[in-house]
Amino acid sequence: MGVSMGTARAWVERWERQQERYAVDREERFTVIADVVEHITAGRSRPHLLDLGCGPGSLAARLADRIPSAEIVAADMDPLLLELGRTHHADAARYVDTVIGEEGWADALRLERPLDAAVSTTALHYLSEPVLLRTYRCLAGLLRPGGVLVNGDHFPPDGAPSADLTAYVGRRRAERTGGHAHEDWRSWWDAAARDPELADLFHERERRLAALGGSGCDGHLAAGRHAELLRRAGFGHVTPVWQFGDSAVLVAVKGDAPGATALGRP
């Protein structure tokens with residue numbers, strides 16, 4: 001079910017354009033996440049990173065460019081997006097097919113040493129709260145002391161009208177900066193379904209989604225609720241490091257490493 005390099009490049013480029021509609025200052029968010037990871041891994045010869053919900057490798061590729069010595073594992077359950085990443089960003093990461101949050105999902109990662117950082121962007125909000133807590137606990141077990149979870153997503157404040165206000169500000173910003181994007185998420189997938197080279201991968205994707213039965217929540221918890229869950233899971237410090245509207249980058253540091261700073265750097 002592989003795809004050609006030309007096909008992968010074309011679809012990843014289209015993916016990048018349509019994603020600009022939804023992630024406020026998407027490139028800046030990626031840059032901030034890379035800043036945090038660079039800070040945490042300074043002085044380490046071979047940083048070990050995990051990209052959760054990697055899609056076609058957008059964040060993994062940027063991290064590989066910023067930190068060429070990093071060993072990156074990129075995990076997702078979507079066979080089509082994974083194949084695009086494996087083909088177009090082949091050197092960025094080792095791509096793993098697994099359903100994040102399911103029982104035993106981390107076994108598929110085949111990690112041989114603790115992680116320095118786990119990163120994610122617009123992926124973890126699909127998990128229900130109990131599954132999210134279980135996933136946070138799992139990640140705390142995979143990270144070294146002082147390691148970090150860096151999550152870029154939409155984190156609305158508790159209650160209206162604050163949530164309405166931050167959502168509106170973020171939406172207006174996205175319209176100004178991503179207005180040139182000519183297709184949205186649904187039209188991207190509709191077009192991908194019509195590409196004969198992607199047909200087998202698309203059908204496998206549909207089969208998996210049907211098997212999951214829509215068990216995810218596809219919602220957004222407030223940053224404060226995420227912080228509560230993260231602390232229960234074993235993360236000692238939780239703080240936002242960037243925000244525009246309700247789009248934010250939230251950093252959680254595992255435990256209290258001896259000699260660590262507020263961001264866990266030894």
Side-chain angles (χ1 to χ4, degrees), residues 23 25-55 57-76 89 91-96 100 106 109-125 132-133 135-153 155 223 226-244 247-266:
D25 283 349
R26 182 171 182 257
E27 216 43 66
E28 178 68 10
R29 180 196 284 177
F30 283 146
T31 299
V32 169
I33 292 172
D35 287 343
V36 173
V37 174
E38 184 179 62
H39 177 76
I40 290 297
T41 61
R44 294 182 176 269
S45 59
R46 194 163 58 101
H48 198 198
L49 314 178
L50 172 63
D51 182 5
L52 296 153
C54 65
S58 301
L59 179 53
R62 287 162 173 82
L63 289 171
D65 287 342
R66 175 76 77 90
I67 311 172
S69 62
E71 177 189 345
I72 303 174
V73 179
D76 206 301
H89 295 305
D91 297 330
R94 173 169 62 85
Y95 294 88
V96 176
I100 296 165
L109 303 176
R110 303 194 314 276
L111 302 179
E112 297 180 352
R113 57 193 177 100
L115 295 165
D116 293 297
V119 300
S120 184
T121 181
T122 59
L124 298 182
H125 63 258
L132 186 62
L133 176 59
T135 301
Y136 282 161
R137 285 177 170 152
C138 178
L139 292 169
L142 297 176
L143 287 160
R144 64 166 172 86
V148 295
L149 169 61
V150 192
N151 186 13
D153 211 328
F155 301 100
H226 277 275
E228 292 174 17
L229 297 176
L230 287 161
R231 292 190 179 98
R232 286 172 58 187
F235 291 89
H237 305 277
V238 183
T239 186
V241 295
W242 175 88
Q243 182 174 358
F244 196 104
S247 181
V249 174
L250 195 65
V251 179
V253 185
K254 177 185 174 178
D256 292 308
T261 67
L263 276 181
R265 178 181 171 185

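This is a predicted model, so every value here is computed, not measured.
Between H226 and Y136, the shortest heavy-atom distance links the atoms ND1-OH, 2.7 Å. Between L230 and A252, the shortest heavy-atom contact is CD1-CB, 3.8 Å. Of all heavy-atom pairs spanning L109 and R94, the tightest one is O-NH2, 2.9 Å. V37 and A117 get closest at one heavy-atom pair: CG2-CB, 4.2 Å. Closest approach of G53 to A123, counting heavy atoms only: CA-CB, 3.9 Å. Here the closest non-hydrogen pair linking A70 and L49 is CB-CD1, 3.8 Å.
With sequence neighbours left out, H89 forms a ring pair (Phe, Tyr, Trp, His ring centres under 6.0 Å) with no residue at all. Shown here are the salt bridge (Lys or Arg N to Asp or Glu O under 4.0 Å) partners of R29, two or more places apart in sequence or in another chain: there are none. Listed by chain and number, the residues in a side-chain contact (heavy atoms from CB on, under 4.5 Å) with S69 are P47, I67 (sequence neighbours excluded). The side-chain hydrogen bond (donor to acceptor under 3.5 Å, both in side chains) test applied to T135 returns no partner, not counting sequence neighbours. For A118, the side-chain contact (heavy atoms from CB on, under 4.5 Å) partners at least two apart in sequence or on another chain are L50, L52, L139, L149. With sequence neighbours excluded, the residues forming a side-chain contact (heavy atoms from CB on, under 4.5 Å) with A223 are F155, listed by chain and number. Residues forming a side-chain hydrogen bond (donor to acceptor under 3.5 Å, both in side chains) with E28 (at least two apart in sequence, or on another chain): none. For Y95, the side-chain hydrogen bond (donor to acceptor under 3.5 Å, both in side chains) test picks out no residue, with sequence neighbours left out. By the side-chain hydrogen bond (donor to acceptor under 3.5 Å, both in side chains) test, R113 pairs with E71, sequence neighbours left out. Judged as a salt bridge (Lys or Arg N to Asp or Glu O under 4.0 Å), and not counting sequence neighbours, the contacts of D116 are R44, R144. Considering only residues two or more places apart in sequence or on other chains, A34 meets the side-chain contact (heavy atoms from CB on, under 4.5 Å) condition with L63, R66.
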*For I40 and V150, run side chain to side chain contact (heavy atoms under 4.5 Å, CB included): C-alpha distance rounded to whole Å, both residues' side-chain angles, the deciding distance at 0.1 Å, then the answer.*
CA-CA 11 Å; I40 290 297; V150 192; over 6 Å; no

*Could you walk me through whether V73 and H48 pass the side chain to side chain contact (heavy atoms under 4.5 Å, CB included) test, one step at a time?*
CA-CA 8 Å; V73 179; H48 198 198; 4.3 Å; yes

_Set out, in order, the CA-CA distance, both residues' side-chain angles and the distance that settles side chain to side chain contact (heavy atoms under 4.5 Å, CB included) for W242 and D35, then state yes or no._
CA-CA 11 Å; W242 175 88; D35 287 343; over 6 Å; no

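To the nearest 0.5 angstrom, I33 atom CD1 is 8.0 Å from S120 atom OG.
No donor-acceptor pair under 3.5 Å is formed between the side chain of K254 and the backbone N or O of G147. Between the D76 side chain and the G55 main chain, a donor and an acceptor come within less than 3.5 Å of each other.
Counted within 6.0 Å of CG on D91, heavy atoms from surrounding residues, nucleotides or ligands total 12 or fewer; the atom is thus considered open.
The stretch residues 227-237 participates, sequence neighbours left out, in these salt bridge (Lys or Arg N to Asp or Glu O under 4.0 Å) pairs: R225-E228.
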